[in-house]
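In what follows, chains are A, B, ... by sequence order, proteins preceding strands, each numbered from 1.
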Amino acid sequence: MMLLATLDWYSLFFLLFALLTCGFAVGVLFSDNIVHMAFYLTLSLGSCAGLFFLAGAPFVGAMQLMIYVGGTVVLLAFGVMLTANANFSSLRIPRGGWVVSLIVGGLLLVLLLTAALRVESWRTPRDEAVLPLAEVQTATVLGAGLTGVRVDKLHEDDPVTRRGMSGYLLPFVIISVHLLVVLVGAAYMARTRIYRRSASGNPRSRTG
Amino acid sequence: MDTSLLPILLGVAVLLPLASFFTLLMIGRWLPQSWSGYIATTAIVTAGLLSFWSLSIWLFNHAPEAGSHQTAEHVASGQMPSVHARLVAQHDQPDGPAPATIPGQEPSPEVASHSPEAASHSPEAASQSPEAEHTSAEHGGKKHAYTDDYYLLGQFGRLRLTISYYIDSLTLVMFCVVSIIASCIHFYSMGYMHEEEGVFTDPEVTMKDGSLLKRPGRYWVFFMYLSLFCFSMLGLLLAGNVAMVFVFWELVGICSYFLIGFYVERKSASNAANKAFIVNRIGDFGMIIGLMALWTGLGTLAFGDVDASGNGTIEKAEQGIFTQVRSEESGYCLATPIGMVRQSARGEVGKWARQHPEAAVNGDTAELDKRLRQLQSERISDGKTPYGYWLLIIAGVGIFCGCVGKSAQFPLHVWLPDAMEGPTPVSALVHSATMVAAGVYLVGRFYPVFTPEVLFVIAIIGVFTLFMAATIAITATDIKRVLAYSTISQLGYMMMALGLGGWLAGMLHLVTHAFFKSLLLMCSGSVIHAVHTNEMPEMGGLRKKMPYTAYTMLVGCLAISGVCLPFLIGFSGYYSKDMILEQAFSFRGANAGWLGSLFFVTATGGAAITAFYMFRLWFMTFAGSPRNEHRYSHAYESPKTIYVPLVILAVFATAVAWHIPFVSVSLQGLLEQARPTGTAATVTSSMLGMTWPNEHIAHLDSQWWTIKFPVTMLATGTALGGILLAAVLYGFGVVNPDDVRRRFNLIYRFLINKWWFDELYDVLFVKPLHQISHVVSRIDQRWIDGLIDGLAWSVRWFARTWERVVDQGLVDGVVNVVGRWTYSIGASLRVVQTGSLRQYVMFLAIALIAIFLIVSFFWSPTLAF
Amino acid sequence: MAEFFVDRLSLSAPVGYTLAALIQCVLIVALIGVAALLFIWMERKISGRIQDRWGPNRVGGKFGWFQTLADGMKLLTKEDLAPKDAQVILFRLAPYVSFAASFSAYLALPFADGWVIAPMTMGLFFILAVLGLEVFGVILGGYASGSKWSLFGAIRQAAQVVSYEVPLAMCAVVPVFLCGTMDLVAIGEKQAGLFTNWLVFHDPFTFVIFWVYFTCTVASVNRSPFDLPEAESELVAGFLTEYSGLRWSFFFMAEYSSMLLVSGLAAILFFGGWNGPLPIFHCIGWAYQQSETTWRLTGYLANLAGCVNFLAKAVLGVTVMMWVRWTLPRLRIDQVITVCLKYCVPLAAICFVGALMWQTLAWPSPNDLVPVTPAGKAGVREQWVLQQAKNAGRENLVGVSGPATDMPVTDIVVRPLEQEGGEG
Amino acid sequence: MYLLLAQITVAHYLVVGAVLFVTGVLCMATKRNAIGVLIGIELVLNGANLNFIAFGSKYLRHDTLGFDGQLIALFVIVLAAAEAAVALAIALNFYNNHTTIDVDKAEDLKG
């Protein structure tokens, strides 16, 4: 009971989601079965969305769920199913490769953790109490920001910042067009005619 | 009903045919064939409705007031308004505010002698300043022309290129005429061209294997061209500046080229199209010279004063051509504009600039202008031609050159008869409302710019053309060619009238002729449609088979002959032709001697000949007994789409020049409103020693017995005489035409060969040109080719040597060495490119770590730890 | 509810929250369970009536009440099999994934004014996102079954759902911008008043877009005529081929709960949510006013009625889905994709633009004809820009043409900021 | 227990992000399956995203990126989706051409 009373719920949920995220990420790394990898990835990304919720970015979190988990992972599953053949096990890499990778990865992790923990201000918590979640309202601000109006910067003194010069209309438009092009391109690539070497030795025979 | 609507309405009316053209151009090929006809017809009919709307707006705002022609004829002399008198009197004043700025203009005794009544009214008129006269001449202070820019295309120094409009009653009348006739022709074409709707078999083109040419019908192409033609003509009418005029002028030319050569597979058609185009180019060359002369001297392209600043004040730089040529301070008399003076008095300008360097630098030309004016008046008082006057003459003659080409005047008339190769509706359009009318219209439009000398040239050309063409028409047997020569002749009448100072007469004849000539041509088309031949000797007696065509054509013949009940009522041709003859007679009165009489005599004789050949045509075609039974038996009345337009046009050909009872609206009154300011004046050319009488003089009541009565009686008499002769020869067969032909064999040969014009041109221009070309080609092949071959050989030799020594030795060596280095470096680096994705990722990670470590240890240790 | 425990009963916060969470879980599970039972029975009866037969009429009396329960017993007692080739863990896990996704979407679904488990400012988005996860379970199950029928079903399901999410989202966005919020409670509140205030009647485009939305939801919950993934005549039973017993029934629970969910969502987005066609409770003053938070009995009763109202609308939607299922033949897979890409997406896009135009140009909607409505016009009342400006002490940043209290966004003109340079 | 009682800071998020990042890199380095590599990329991007969110969160710091962090995260998510679509198309094409999805076989352009 004592513990419950002093428990910081925010920390509890953070730890829960962080553990899930990292755990399933590691699961992805060490899993050999591609379907399991995709499944773990889903869970990892879903937990990560939980972290986003916790960090006061519910819109990004929901976006993560919708696009990553609902879209990308389904796409991955598609890829898995369309390219599946029996012997995934043959796609293991040699033990030596694992060792080198783990060493380099460990170094990288050490490097990143050092960098993350070095800065003092990143380690000092915010002094006020955590704001209640219900007050967080982000969708409108983000939408306005994407259309070039920074309602969150209205209090700033720099007129350039206030006027919406810091908005993201142009990147938003660029990225929209980019997305469209990518979708068209992906659809095109996925159904281009394929030249496959046929058994008869004629390399140009068309198999559609 | 505001006049500000006019430019919008007319602009839309111009653009509608263009829209139709583009529609057909883009999708006409795929539309059902009949649709293209509907589209084009809808466009032109709508344009016509808009034109009439505009006309009604105009009439609402500019009711023709008493004092214009028709009232002058009918009002008793005691109530005669003083406009005529004032117009005459004003130029009678030697010491008016603007004394004799016209070169060589002196008070003319002829004018005084022609206007005794005017003299009696002159006391009160004399006290009026020219401004007061001007405002009253401009119909109660209302603007007689609207001009402005639709759109400024660009400004290049002084040159303003704009899309602008110039709207006066002439524009509106011409709009209505063109759109009525074009609408009729569109309807007519829908019937006439129906063979083009499916696969068209061309009866006149034989393929190599002996079969007739079969091709997909070009119904939509035809209507597309018609639309473009209408657009060009309407645009020409609306154009508010010279540049636009030229553009539309050329568009009209190219449209006629397309349409005359519509049956492009026929050799004769494509030749005729080429001929029309090339002959027109000759005229247009002169026109460009004229336009450039105008632009050089006046510095503007616009007709009227364009309010460029948009604040109601007219900037000096934007004074239009008309204002500059007939400026207010010169009393609206033709005066050499100061720009032209400056252009030609370069010596004086240079002298002035040396004396006043600061003003020259500042571009302050007011002083200079004053000096130039002074010089000019000195020269005028010395009796010399003032500075720049020749420039004005060149401009006038140049512009008239263009009109000669378009309106088929001698010596460029040769294209028009050949243009009959086009489909008949096209001929009708070309001959009445569009192409040839453009020339006359332009002369009328540029009338204020023409000096008496230019007018004389116009008159001479016109009178010669009218006679020559009329005589040729006598012997022609091709029904359409008769009409073609008739057109040339009638155009000659118009030109002559304009050249003799009869602006209103010329313009009126343009309108009336448009109606009856389109009627006649479409009737002939109907006949051709029925009998499938153009040759009149194979027709005859068709009256019973095709009554509508016969009687509408009879109306046309009566109209062109100017038949009337004298002084009471007549067909439209009566009014216009009479007016022309009256002006010629008036001119004869003002200028003694054979030259003065030549015009009247020739014109009257021409009228007789006209009546003769028109009725010859009618009798040969419709009267008597059939000469070719086969063709007669297959003849039939044309469908409704063909004869209904004929009936409509017949009504117009009869009544267009009538004075509508109880309303003061008539065609003459309307046209009179558009008369360029200051042109209703008696002018004299000292250079030629001739006088151009004021057009109003011929219609003064005081002159009724001396001009109107004799001329009318004479004209009626000659017309009836011509008709009678035709009836005697062809109608009743009293005299056998063949006997006549044998008796006048020499003249007959002369006429049937069209005065040997084509042969003459062949000998004069074509043959020598061929000879010269031949010689030039020999020089080209022998000498120039040899020289060039030699040059080429030496260059090749040099290039070979250069290649061996420099290129292969030096350049290739360097490039090869560099290439070898690059290759060896690349070969040693390729080991790294294992193609293994995983390895690359490891490289990346290791590099990241390495960079971080290097930076932190060797560069800035505080960054890491 | 948690506030109730903590504030009223003065429990400690963790305990209060835990209790509230438990109660809500139980409520939702109960609701879905009962609803599923009811719907299966309804489905049978409706199909029977449509096919001109009685449907279940033996078990449980005259109407066959107990047929579903009996079926449930049968399913519970069936043997839980996994095929030899199956990837057992995923195979067993898949139904739960599906069910959990469908279940957790209820987190953000309000049943009445304020009666929502987790009040979220982006509730709609959350629901759409979580609902999209349901397909993952199906894919996993289909793949892990080790059967080609299942695999085909899963691929079809993935293709279908991924395709239909696009028009679905486009349709759902329309009410969002009409109301200026993604908060489902707020969207529901703004449709209070006469039925003319419901967004489906807002303008012709919203009326059309509701039908597009309905079509897309039918497709996204795999109901006939879009039930390709389980097309029994060609794929045996699609992704369900290898499932039996309780796991099979979990998939079915998920399907029925999704049906209820999307129907409820439709009710909130287009049909006024818990607001009846006549605003009785608003007129007698029982209903909660906007942003009123205190607890009172009359308000509770009004909410209860609203909840019934909402459930009735949702059940009506489900009924229509059943009616459609037993009326229309199943589409081919290419037809399914064609319907989505060639018809639904363009139609949704056009209606999106059209409704946007209607709102922006302030064209009349039927609600304008109603003289007095308690909640006013369902319009854009989001005043974020204004509020933020006020918070920043820069009211004059924003030009206001009208009373600042209730003003459509279209009237807000953000003026260039240099003009007020002296003030900064 | 310390962690449970401590207040969460940016650094905590950064640690999770670092783990995700390293896992993703290792995933890329150790998977021969092209889709595995793709999954690794997704993990890396998510690690980066987490950092952005953390730096932008006003629960964790005073001096935050503000909404810029979230906006950039949104962009990353969208771009990642696009990238996944293209990469999958490439993978499918590769599979169709080589009947395998082993990236070690994708060495046609090897030096």
Side-chain angles (χ1 to χ4, degrees), chain A residues 6-8 10-12 14-15 18 21-22 25-26 28-29 34 37 41 45 48 51-52 55-57 60 63-64 67 71-72 75-76 79-80 82-83 91 93 98 101 105 108-109 112-113 116-117 122-123 125-126 130-131 141-142 145 152 168 171 175 178-179 182-183 185-186 189-190 194, chain D residues 3-16 18-23 25-27 29-30 32-33 35-36 38-39 42-43 46 50 53-54 57-62 66-67 70-71 73-75 77-82 84-86 88-93 95-97 101-102:
Chain A
T6 53
L7 194 65
D8 186 342
Y10 191 90
S11 306
L12 179 64
F14 173 80
L15 283 178
T21 307
C22 297
V26 174
V28 169
L29 177 59
I34 190 73
M37 275 163 66
L41 179 72
L45 296 187
C48 196
L51 284 180
F52 290 170
V60 183
M63 199 80 170
Q64 168 106 345
I67 291 184
T72 308
L75 218 56
L76 283 178
V80 170
L82 289 177
T83 60
L91 291 183
I93 65 163
W98 268 109
S101 302
L108 200 59
L109 187 63
L112 289 174
L113 290 182
L117 298 173
W122 294 351
R123 281 186 293 158
R126 191 186 166 104
V130 173
L131 302 167
V141 184
L142 289 179
D152 54 322
Y168 288 87
I175 216 158
H178 178 90
L179 200 54
V182 158
L183 283 179
M189 275 178 68
I194 296 142
Chain D
L3 277 173
L4 273 179
L5 297 175
Q7 204 172 342
I8 302 300
T9 62
V10 176
H12 291 82
Y13 279 85
L14 293 191
V15 170
V16 181
V19 171
L20 277 181
F21 182 86
V22 172
T23 324
V25 170
L26 285 181
C27 215
T30 56
R32 279 171 61 188
N33 190 323
I35 294 174
L38 197 56
I39 288 173
E42 303 294 349
L43 281 175
N46 236 276
L50 198 58
I53 294 291
S57 168
K58 61 185 167 190
Y59 297 141
L60 308 175
R61 286 181 77 204
H62 268 303
F67 282 97
Q70 293 190 31
L71 283 165
L74 278 180
F75 282 130
I77 290 176
V78 173
L79 277 181
V86 172
L88 267 176
I90 294 172
L92 285 183
N93 237 343
Y95 179 77
N96 283 334
N97 280 329
I101 199 156
D102 185 358

Interatomic distance, A:I34 atom CD1 to D:N33 atom CG [nearest 0.5 angstrom]: 4.0 Å
field: Heavy-atom pair of closest approach, residues D:A82 and A:V182
entry: O-CG1, 3.2 Å
- prompt: For chain A, which of D:L38, D:L50, D:L92, D:I90 has the most heavy-atom pairs under 4.5 Å?
  reply: D:L50
query: Just how far is it from atom CG of A:L112 to atom CG of D:L14, taken to the nearest 0.5 Å?
result: 9.5 Å
- prompt: Within a strict 4.5 Å, meaning less than it, do heavy atoms of the D:L26 and A:W98 side chains meet?
  reply: no
task: For chain D, find which of A:L117, A:L183, A:L45 contributes the most heavy-atom pairs closer than 4.5 angstrom.
output: A:L45
statement: Counting heavy-atom pairs under 4.5 angstrom with chain D, the leader among A:L179, A:V26, A:I67, A:I175 is A:I175
message: Heavy-atom pairs under 4.5 Å with chain A - which of D:V78, D:V16, D:V10, D:I77 has more of them than the others?
response: D:I77
query: Could you state the interatomic distance from OH (D:Y13) to CZ (A:F52), rounded to the nearest 0.5 Å?
result: 9.5 Å
message: Quick one, A:T21 with D:L20, criterion side-chain contact (heavy atoms from CB on, under 4.5 Å). Give me CA distance, side-chain angles, the key distance, then yes/no.
response: CA-CA 8 Å; A:T21 307; D:L20 277 181; 3.7 Å; yes
- prompt: Minimum heavy-atom separation for D:A11 to A:A116, with atom names?
  reply: CB-O, 4.2 Å
statement: dist D:I39:CD1 -> A:M37:CE (nearest 0.5 Å) comes out at 4.0 Å
- prompt: With chain A, which of D:V86, D:I35, D:T30, D:L43 has the greatest number of heavy-atom pairs at distances under 4.5 Å?
  reply: D:T30
- prompt: Using non-hydrogen atoms only, which part of A:L29 is less than 4.5 Å away from chain D: side chain, backbone, both, or neither?
  reply: both
query: Which pair of non-hydrogen atoms, one from D:A89 and one from A:A186, has the smallest distance, and what is that distance?
result: CB-O, 3.6 Å
query: Any side-chain heavy atom of A:Q64 sitting closer than 4.5 Å to one from D:N46?
result: yes
query: At a heavy-atom separation under 4.5 Å, does A:L109 approach chain D through its side chain, its backbone, both, or neither?
result: both
Atom group of A:L51 that falls short of 4.5 Å from chain D, counting heavy atoms: both
task: State which residues pass side-chain contact (heavy atoms from CB on, under 4.5 Å) with D:A80; sequence neighbours excluded, sorted by chain then number.
output: A:Y68, D:E42, D:L45, D:E83
- request: Could you tell me which portion of D:A54 (side chain, backbone, both or neither) has an atom closer than 4.5 angstrom to a non-hydrogen atom of chain A?
  value: neither
- line: On a heavy-atom basis, the closest approach of A:A25 and D:T23 is O-CG2, 3.1 Å
query: Side chains of A:L108 and D:V25: does their closest heavy-atom pair fall under 4.5 Å?
result: yes
- prompt: Which atom names give the shortest non-hydrogen contact between A:S101 and D:A29, and what distance separates them?
  reply: OG-CB, 4.2 Å
